[in-house]
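To start, the structure under review is shown below, and the notes come after it.
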Amino acid sequence: MTFLHSPGTGHRHGRDRRAAVVPAPDGRARFTGEAAPTAAVVGGGIAGLAAATLLAERGVRVTLHESEPSLGGRLSGRPTQLADGTTVTMSRGFHAFFRQYYNLRGLLRRVDPGLDSLIRLPDYPLRHSSGLHDSFARVPRTPPLSAMGFVALSPTFGLRDLARMNPRAALPLLDVRVPEVYERLDSISAHDFLARIRFPEAAHHLAFEVFSRSFFADPRELSAAELVLMFHIYFLGSSEGLLFDVPDEPFPTALWDPLHRYLEGHGTDVRTQTPVRQVRPRPDGGLDLTTDDRTTRYDALVLALDSGGLRRVVAASPELGDADWRAGIDRLRTAPPFLVSRLWLDRPVAYDRPGFLGTSGYGPLDNVSVLDRWEGEAARWARRTRGSVVELHAYAVAPDADRGAVQAEVLRQLHRIYPETLSARIVDERHEWRADCPMFPVGGYRDRPGVRTPDPAVTVAGDMVRTGLPVALMERAATSGFLAANALLERWGVRGQTLWTVPRAGRSAVLRRLAALGDG
């Protein structure tokens, strides 16, 4: 895989001037006519949508299988009727669309060229129960000023804290490369890495714990490599900073319904509520996919499932892949359960409450969103009822926890953070419990699949996939989906999709030289 830098082009398109471009596989423009191959994409989340979109645009005859009633994966939504008779959308919770998500944004531009459906939130505020606050609104975006500015502006850092840090142990933060970061740091936890560098305890809890829990994991369970990669993506590797956008309507309305129509306009057969049960390679090089009601032959396959879904399909498909690949898939882990509680309240929260607040030290509560600050559907309900719509997240909940007690506790913590909600009447509420996020455990990188598999007709996509690129979360899902499609198109001699990432190494030559001292 070749990586180039194109400062001028990237800047003109609104990207970091040092963003890295991953050239597309070359070939003819697209398939035409009945000679086009058939491909099945299994999974209708971001990864599957990216793969299906690119394949369909190149003339491949695509069938998209999704087990749920709607597209979007962990960003899907479903209609529900409130006690007051209003039909609203319940989703699986807040997601931040960071400016570094170049490939995800490229997918969304297919149906929204100006990204008009995304609006900016002015800050990414963090609050600890001790009373400490942090903010990224005034932090410079250009590295290394971004990290220096955060230290200078943060109340969780002091001169004594900086003096206590272990600078040599912190050197890997200065020059993060993929996959080298996994070779160096996948063997220790995020918690232990921060302890090793003697990162200030308050900043540890307020900043890095918030980031690590965005992986739906406890920092003691999360690979330090994933945490350090996040540091690179948001601080020292990119000038995009930590500010982000959010959709101005629920996910289906703003994103997935338009993309669904776009796919069908390109000939894609979208089959929701149609899980794939088994895959069987054929002697002619194709594959048979079995659902609950039929078996269909395809020329190629993209498996764009979550960790649990991928394990199930591979376990039920004994002829798929080889022994080592199958064993790695079988060892994939799923993160602990998480909760999304959405409350429709009969009165507004205080006018100065942010649209999103990351929290630490408030029991199971990890963040609070006031949806009517940005989402049109919630804002219309709030205006009509003079109320508000609040969403609470709890990540990495113990599997054996009393779910009713967790729901009650996150509500109690909301009352601590926003006391005006204590007297509010809950008009209605919805609680979404899920346990389908990938786990990135210490030492787990070697088991994660790459995009390519032992069968050249089969590729894998998803936010747990190894891409060899500095991407994470939703952007890893989108990037891996495009890479999975690229691998198939390259095999067929058809041009693929050009991709972008933040730089693949430390941004500053001086800091890279400092980081090299840690290898001595």
Side-chain angles (χ1 to χ4, degrees), residues 1 24-44 47-66 263 266-271 274-305 309-330 448-462 465-468 480-497:
M1 191 175 292
D26 200 7
R28 64 186 186 278
R30 67 189 310 275
F31 290 104
T32 56
E34 291 301 313
T38 57
V41 176
V42 183
L49 289 168
T53 296
L54 179 53
L55 291 172
E57 289 172 339
R58 298 298 189 262
V60 178
R61 291 176 288 164
V62 177
T63 301
L64 176 60
H65 292 269
E66 168 55 46
L263 284 167
H266 282 76
T268 301
D269 181 6
V270 179
R271 301 180 184 175
T274 310
V276 169
R277 303 300 185 186
Q278 185 185 59
V279 178
R280 175 169 293 176
R282 293 169 55 97
D284 63 6
L287 304 116
D288 285 335
L289 264 69
T290 300
T291 63
D292 289 337
D293 61 353
R294 71 181 80 176
T295 296
T296 307
R297 182 197 179 279
Y298 295 96
D299 295 309
L301 167 66
V302 179
L303 291 169
L305 296 159
L310 183 61
R311 283 200 312 271
R312 287 190 293 273
V313 169
V314 170
S317 308
E319 300 171 48
L320 192 62
D322 60 24
D324 288 343
W325 181 80
R326 295 174 59 82
I329 298 295
D330 188 56
R448 288 160 53 185
V451 167
R452 298 176 186 268
T453 75
D455 185 337
V458 180
T459 57
V460 182
V465 169
R466 295 187 295 180
T467 65
S480 66
F482 284 128
L483 288 172
N486 274 351
L488 297 177
L489 293 171
E490 184 177 31
R491 179 169 174 251
W492 293 324
V494 175
R495 178 172 51 84
Q497 168 77 52

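Around the CG atom of Asp26, the shell of radius 6.0 Å holds no more than 12 heavy atoms that belong to other residues, nucleotides or ligands.
Listed by chain and number, the residues in a salt bridge (charged side-chain N to carboxylate O under 4.0 Å, His left out) with Arg61 are Glu34 (sequence neighbours excluded). In this structure, the salt bridge (charged side-chain N to carboxylate O under 4.0 Å, His left out) partners of Arg280, at least two apart in sequence or on a different chain, are Glu319. Residues passing the salt bridge (charged side-chain N to carboxylate O under 4.0 Å, His left out) test with Arg491, sequence neighbours excluded: none.
Of the possible polar contacts, one joining the Arg326 side chain to the Val314 backbone as a donor-acceptor pair under 3.5 Å is found. Distance alone, capped at 3.5 Å, places no donor-acceptor pair between the Arg282 side chain and the Asp288 backbone.
Pro37 is not listed as a side-chain neighbour of Leu488, based on a closest heavy-atom distance of 4.5 Å or more. Side-chain contact between Thr38 and Thr63: absent, with no pair of heavy atoms (C-beta onward) separated by less than 4.5 Å. With contacts defined as side-chain heavy-atom distances shorter than 4.5 Å, the pair Leu489/Pro25 does not qualify. With a 4.5 Å cut-off on side-chain heavy atoms, Leu49 and Leu64 count as touching. For the pair Val60 and Asp299, the minimum side-chain heavy-atom distance is 4.5 Å or more.
Of the inter-residue distances, the one linking Arg452 atom CZ with Glu490 atom CD reads 5.0 Å to the nearest 0.5 angstrom. To the nearest 0.5 angstrom, Leu320 atom CG is 6.5 Å from Thr453 atom OG1. Considering CG of Leu483 and CZ of Arg466, their distance stands at 13.5 Å, rounded to 0.5 Å.
Nearest heavy atom pair, residue Ala36 against residue Gly59, reads CB-O, 3.2 Å. The minimum heavy-atom distance between Ala39 and Tyr298, with the atom names listed, is C-CD2, 3.9 Å. In plain terms, the two heavy atoms of Gln497 and Asn486 that are nearest each other are N-OD1, 2.7 Å.
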